[in-house]
Amino acid sequence: MDQPPIQGQAPAWRPISRSVSPADERTVRPRAIWLQLLAGVLFVLVLVGLLSTLAARTLAEREAVNDAAGTAGVIADTLIQPALNAELRAGSPEAVAAFDQAVRKSVLTNESVIRVKLWGPDGQVLYADEPQLIGRTFPLDSEQLDALEGPATMAHISDLEESENTFESGDRAVEVYRPVWFPDGSPALFEMYLSYDPVGDRRNALWRGFAGLTASSLVLLVVLITPIVWHLTRRLRAAEAQRVALLQRAVDASEEERLRIAANLHDGPVQQLAASSFTAAGAAATARAEGEEALARDLEGVAASVRTSIRALRTLLVDIYPPSLGRAGLIAALTDLGQAHQAEGQTVQLDLDPEAASSLAEPETRLVYRVTQECLRNTAKHAGPAEVLVRLSREGETAVLDVVDDGVGFDVTAALARPAEGHFGLRVLSELTSVPGVRLDVSSAPGAGTHWRLTVHTLEVGK
């Protein structure tokens, strides 16, 4: 048959094997360790560079604000307040011109000063080095009011986004407020803007200091840990090589032990039972010839029982160590396996592609055999009367094993969630196939038969 007749729509596929990446099986690679170390160093450099930039900017702005506050205090006390008079407060053009001349001669000669204003308590600009601002009124913000009421010197970094900053160029400046008093004691607010360029220069200088110190520290750290990493890498590779050797030795020892047990069973109990069977059969023939029918029947029953035990032992020998797998190949081993699993009410048919079998390496061959063996065991135990198809085919670089029966089926979801004693084989199949390049799926439902599908990427497993 090409495929067992499963009635109705086929149930959905459910994965049995756990997904395992090929990276999980890789050995220790020094190059990867060094690349990770280099990536870590670069990450730290970038992170420290960003943090250093923020820290340098903060420190530079703080220094600029403090310096601006000190400068504004000196200018206000020594130059601005002595030049205040009642005519300037009244807006006299002559007084404004005289004050402007004093400011330009004594204050604006400093290249860092970009704007000077004098405010009245009501928000009117009494003086500005930009003539278009003189006489205009703007609402005072909270910091300006605090400076007047304090009295206190207030300094901060301004984004120059207020309406009073229409004539300022650039996008940032250091802004300082300082209260001053006319001769009659009435207050005014002296405002001065300083260029942000020195802040940028100071920030760059601080950043170079931070970056240089950090980079040199990291280089020194790398120099110090390089011998340590190199030594640890050598030890890891040696340990990995030892682990692989021990694993291979364990596999070889397991194979040797299975072969020894199979040989001992074949040369010992099987031969002895065969001799006992012949002896019992001969004794039964003798008893019948002498007319002892009862004894003859008993002896024939003993002979039949012994032959049944011999068949069971031979089946066990094939399970423990299939001789045809190593000697004659996968096709012969699967053929023997199919014949050995012919159960009452079940027939096993084979559709095996020699090209697919020849594309498998030795580990892959053992895997396909073990999966077929376990699937047939499950079928014999749980499927009931059924027709079974074992098909091995090739699809590109993938070998595909299908084990299909039209038996009673089972609830895959329930079996995976709460494995019953009768479905312990699911766990075995999961362990067998949870390796890189291998996938096992099952499609089954009560009354819908069971379809196992194993896919093996022939370029990955065992390479």
Is the side chain of [X] donor-acceptor paired with the backbone N or O of [Y] at a distance under 3.5 Å, no angle test?
X: S359; Y: A356; answer: yes
X: D406; Y: E387; answer: yes
X: S358; Y: P354; answer: yes
X: E364; Y: A361; answer: yes
X: R104; Y: D129; answer: yes
X: S92; Y: L88; answer: no
X: Q144; Y: D141; answer: yes
X: T450; Y: D405; answer: no

Is the CD atom of E130 crowded by more than 12 outside heavy atoms at less than 6.0 Å?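 Counting other residues, nucleotides and ligands, CD of E130 exceeds 12 neighbours.
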Looking at side-chain heavy atoms only, is the closest gap between [X] and [Y] below 4.5 Å?
X: V113; Y: N110; answer: yes
X: V400; Y: T398; answer: yes
X: Y193; Y: K117; answer: yes
X: P121; Y: P187; answer: yes
X: L108; Y: V103; answer: yes
X: L194; Y: I114; answer: no
X: V390; Y: D351; answer: no
X: Y127; Y: V116; answer: yes

Specify the closest pair of heavy atoms between [X] and [Y], including all atoms of both residues, with the distance to one decimal.
X: T78; Y: V74; value: OG1-O, 2.6 Å
X: S106; Y: L79; value: CB-CD1, 3.6 Å
X: P151; Y: P179; value: CB-CG, 3.5 Å

[atom1]-[atom2] distance between [X] and [Y], expressed to the nearest 0.5 angstrom:
X: L440; Y: L401; atom1: CG; atom2: CG; value: 8.5 Å
X: L392; Y: E355; atom1: CG; atom2: CD; value: 10.5 Å
X: R178; Y: L118; atom1: CZ; atom2: CG; value: 12.5 Å
X: L352; Y: L330; atom1: CG; atom2: CG; value: 7.5 Å
X: R377; Y: T372; atom1: CZ; atom2: OG1; value: 11.5 Å
X: T153; Y: N66; atom1: OG1; atom2: CG; value: 11.5 Å

Verify the distance criterion only: is there a donor paired with an acceptor across the side chains of [X] and [Y] at less than 3.5 Å?
X: E191; Y: W119; result: yes
X: R172; Y: S158; result: no
X: S443; Y: R14; result: no

Looking at [Y] and [X], is any side-chain nitrogen of the basic one under 4.0 Å from a carboxylate oxygen of the acidic one?
X: D353; Y: R391; result: no
X: D402; Y: R453; result: yes
X: R366; Y: E362; result: yes

What do the steps show when you test I228 against T226 for side-chain contact (heavy atoms from CB on, under 4.5 Å), and what is the final call? CA-CA 5 Å; I228 300 174; T226 295; over 6 Å; no
Geometric class of the Y177/H156 ring pair [parallel <30°, tilted 30-60°, perpendicular >60°]: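 Taking Y177 first and then H156, their aromatic rings sit tilted (interplane angle of 30° to 60°).
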Just do the side-chain contact (heavy atoms from CB on, under 4.5 Å) check on F182 and L126 with the steps written out, would you? CA-CA 12 Å; F182 285 95; L126 302 178; 4.0 Å; yes
Between V404 and W452, does the side-chain contact (heavy atoms from CB on, under 4.5 Å) criterion hold? Intermediate values first, please. CA-CA 6 Å; V404 193; W452 301 92; over 6 Å; no
The test is side-chain contact (heavy atoms from CB on, under 4.5 Å); show your working for V438 and H457 and say whether it passes. CA-CA 6 Å; V438 174; H457 198 302; over 6 Å; no
